[in-house]
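The block underneath contains the structure these notes are about, expressed in structure tokens.
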2 protein chains.
Amino acid sequence: MDPITSSVSAGEGAHSEPKYSETAIRILDAAEGLFVELGMEATSLRLITQQAAVNLAAVNYHFRSKDALFEAVFLRRFGPWATECLRELDALEGRVAAGAEPLTAEAVVWSYVRPALALSKDPSRGGVMFVRLFSRVLVENHRQLRETMSRQYGDLVTRYTRALGRALPGLTEQEVEWRMHLGFSVMFHAFAGNDILKVFGRSAVSARDPDMIVRHMVPFVVAGLTSPPSGRSGK
Amino acid sequence: MDPITSSVSAGEGAHSEPKYSETAIRILDAAEGLFVELGMEATSLRLITQQAAVNLAAVNYHFRSKDALFEAVFLRRFGPWATECLRELDALEGRVAAGAEPLTAEAVVWSYVRPALALSKDPSRGGVMFVRLFSRVLVENHRQLRETMSRQYGDLVTRYTRALGRALPGLTEQEVEWRMHLGFSVMFHAFAGNDILKVFGRSAVSARDPDMIVRHMVPFVVAGLTSPPSGRSGK
DNA sequence: ACTCGTTTGAAACATACGTTTATTTCATGC
DNA sequence: GCATGAAATAAACGTATGTTTCAAACGAGT
């Protein structure tokens with residue numbers, strides 16, 4: 001029988017995670033690394049199955065198609081990360097509501113950075129691979145994945161935007177959205193190591209240590225987020 | 001005869017631009033749009049030649065291979081842009097040397113943003129396409145292109161790094177490189193419109209007007225660049 | 001021991017790809 | 001008006017792709 005309908009649809013309802021068989025996991029692991037390194041299009045199923053030491057047909061058996069495999073690879077990491085982000089946000093807003101601390105942009109940033117950092121350091125959850133995969137999704141156009149994301153995780157963005165807006169009073173809603181966009185862009189691509197300097201071969205920086213990335217990135221982003229409002233806000 | 005050896009190698013020496021035949025230009029234009037939209041791997045020569053209304057073999061005739069075509073597509077835009085950036089930097093440093101203005105981080109940023117903005121608004125030079133293509137190059141691994149870039153344009157990065165370092169005294173060399181990396185990441189991906197919010201379907205922001213992008217982006221980046229040095233500088 | 005649903009396995013499928021080959025068309029110089 | 005080299009064309013090449021097929025192996029339940 002189709003293992004897809006049993007596992008995936010069982011895990012469809014509200015953010016729960018599907019269980020995978022051992023060979024399915026081997027496929028996911030191999031595919032993850034290759035998708036990150038070569039991109040979705042340039043990675044062949046034969047390369048994946050060879051590296052995973054499983055049969056070629058196993059991919060279509062366990063995941064129905066290459067596209068569905070890509071989505072599974074991505075969502076396996078994204079789901080837990082999104083959950084952790086929401087938990088961090090909940091905790092932060094709880095402390096703020098209790099008057100234990102003010103709601104600052106830096107605190108909001110950390111509620112995103114902390115899960116990303118934890119994830120980066122945990123190889124069993126994909127380590128830094130996931131962030132690099134995510135940065136690919138941002139650039140490539142995976143239509144179906146985007147639909148899934150906006151359907152299933154749209155509220156995450158809403159939550160962050162609202163929190164940031166509260167942390168940055170005096171900014172128009174549009175300015176908040178822009179800074180959110182800019183700030184998250186930096187964070188994603190910094191974590192992913194999409195370094196311009198790397199392209200030019202002058203990459204003394206790319207030590208790729210997550211702690212160091214965070215140490216330089218967070219002050220940069222917080223400074224950008226909290227900079228004084230521009231004279232006239234955009235149309 | 002091979003049109004490649006005549007045109008490209010004629011334009012090899014020191015940043016000059018090769019001349020292309022009309023059909024070659026048609027191919028470059030079609031390929032540019034498709035590479036941006038679909039990525040290098042997902043774009044087939046058949047799609048390109050069909051859209052350019054030229055024969056399939058014309059690509060290999062004029063550009064030798066698909067890889068070489070990609071490089072040509074990229075360098076056609078990158079060359080003039082790099083030249084303009086260097087001219088802006090020269091002009092800035094000239095004014096600074098003459099004591100006409102101080103060397104600020106914002107001025108350095110503008111020496112990059114101005115050419116990018118001009119390019120974004122000029123459809124005859126690819127418009128916003130090029131920046132989006134560039135952001136793909138940052139994420140995908142085009143080995144040969146990277147070699148060409150670092151060989152031919154490595155000095156551009158050196159110039160920017162040095163200028164930024166002078167504009168930001170009190171920062172260690174490493175901090176300057178980090179901020180440079182972060183700042184340019186924002187600028188590239190902001191111009192390219194690689195919007196995280198877009199992935200989640202909540203893209204009120206992405207009006208994609210270059211002027212508005214710049215208006216929000218520059219203050220953000222300048223704030224990040226000029227933020228006070230972090231306590232202990234990273235190892 | 002046998003059955004039945006699940007999972008693997010090897011092979012084939014049709015298609016699409018980048019590239020190459022010959023041939024034809026075309027413009028230009030003599 | 002013909003020869004010459006560049007450019008366009010149609011067709012084929014070999015290979016690699018995602019997917020499907022169908023038979024074999026497996027593993028628990030009775």
Side-chain angles (χ1 to χ4, degrees), chain A residues 1-10 18-32 34-35 37-74 140 142-145, chain B residues 1-10 18-32 34-35 37-74 140 142-145:
Chain A
M1 180 218 171
D2 216 331
I4 302 163
T5 47
S6 64
S7 67
V8 164
S9 70
K19 300 272 182 298
Y20 290 112
S21 75
E22 195 219 307
T23 55
I25 291 177
R26 290 248 292 283
I27 293 173
L28 287 169
D29 288 338
E32 182 170 67
L34 290 169
F35 283 152
E37 220 60 53
L38 311 174
M40 148 92 169
E41 301 285 348
T43 303
S44 73
L45 293 186
R46 284 169 172 82
L47 196 56
I48 295 173
T49 53
Q50 182 180 325
Q51 181 153 323
V54 303
N55 190 272
L56 170 60
V59 170
N60 290 279
Y61 176 75
H62 285 280
F63 299 97
R64 194 184 310 284
S65 73
K66 188 190 180 184
D67 279 304
L69 168 63
F70 184 85
E71 196 167 316
V73 165
F74 183 80
E140 302 173 11
H142 303 258
R143 218 155 310 159
Q144 187 175 327
L145 179 54
Chain B
M1 179 221 173
D2 216 331
I4 301 164
T5 47
S6 62
S7 67
V8 163
S9 70
K19 301 273 182 295
Y20 290 111
S21 75
E22 195 221 308
T23 55
I25 291 177
R26 291 248 291 284
I27 293 172
L28 286 169
D29 288 338
E32 182 170 67
L34 290 168
F35 282 153
E37 220 59 55
L38 312 173
M40 148 91 169
E41 300 286 346
T43 303
S44 71
L45 292 186
R46 283 168 173 84
L47 196 56
I48 295 172
T49 53
Q50 182 179 326
Q51 180 152 322
V54 302
N55 190 272
L56 170 61
V59 171
N60 290 278
Y61 176 75
H62 285 280
F63 298 96
R64 195 184 306 286
S65 74
K66 188 189 180 185
D67 279 304
L69 169 63
F70 184 85
E71 198 167 315
V73 165
F74 183 80
E140 303 173 9
H142 304 257
R143 217 155 311 157
Q144 187 177 325
L145 180 55

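A, B, ... follow the sequence lines: proteins, then strands. Residue 1 opens every chain.
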Item to check | A:R64 CZ to D:dT20 P, straight-line distance once rounded to whole Å | outcome: 10 Å

Checklist outcome for this item: Contacts of B:Q144 meeting side chain to side chain donor-acceptor pair (under 3.5 Å) (sequence neighbours excluded), chain-then-number -> B:E71

Item to check | Selection from D:dT19, C:dT8, C:dG18 that lies nearest to any side-chain heavy atom of A:Y61 | outcome: C:dT8

Next on the checklist: A side-chain contact here means heavy atoms from C-beta on lying under 4.5 Å apart; do A:L28 and A:L69 qualify?
Outcome noted: yes

Next on the checklist: Just to be sure I understand the geometry, which residues of residues 51-59 of chain A put a non-hydrogen atom under 4.0 Å away from DNA chain C?
Outcome noted: A:N55, A:A57

Next on the checklist: I need the CD-C1' distance between B:Q50 and C:dC17, as an integer number of Å.
Outcome noted: 14 Å

Checklist entry - B:T43 near the nucleic acid: base, sugar-phosphate alone, or nothing, with a heavy-atom cut-off under 4.0 Å? => result sugar-phosphate

Checklist entry - Does a side-chain N or O from B:H62 land closer than 4.0 Å to OP1 or OP2 of D:dA6, or not? => result no

Checklist entry - Using a cut-off of less than 4.0 Å, is there contact between a side-chain N or O of B:T23 and OP1 or OP2 of D:dA8? => result yes

Under-3.5 Å N/O pairs linking protein and nucleotides 23-26 of chain D:
none

Throw together a table of side-chain donor-acceptor distances under 3.5 angstrom for residues 38-49 of chain B, partners on residues two or more places apart or in other chains.
{"unit_1": "B:T43", "atom_1": "OG1", "unit_2": "B:L34", "atom_2": "O", "d": "3.2"}
{"unit_1": "B:T43", "atom_1": "OG1", "unit_2": "B:G39", "atom_2": "O", "d": "2.7"}
{"unit_1": "B:S44", "atom_1": "OG", "unit_2": "B:L47", "atom_2": "N", "d": "3.1"}
{"unit_1": "B:T49", "atom_1": "OG1", "unit_2": "B:L45", "atom_2": "O", "d": "2.9"}
{"unit_1": "B:T49", "atom_1": "OG1", "unit_2": "B:R46", "atom_2": "O", "d": "3.2"}

Checklist entry - Hey, what's the ring geometry for A:Y20 with A:F63, parallel, tilted or perpendicular (30° and 60° as the breaks)? => result tilted

Checklist entry - Taking atom P of D:dT19 as reference, at what distance in whole Å does atom CZ of A:F70 sit? => result 14 Å

Checklist entry - Hey, does the side chain of A:S44 come within less than 4.0 Å of D:dA16's phosphate (OP1/OP2), counting only N and O? => result no

Checklist entry - Which pairs, with at least one residue in residues 20-30 of chain A and sequence neighbours excluded, count as a salt bridge (Lys or Arg N to Asp or Glu O under 4.0 Å)? => result A:E22-A:R26, A:D29-A:R76, A:D29-A:R77

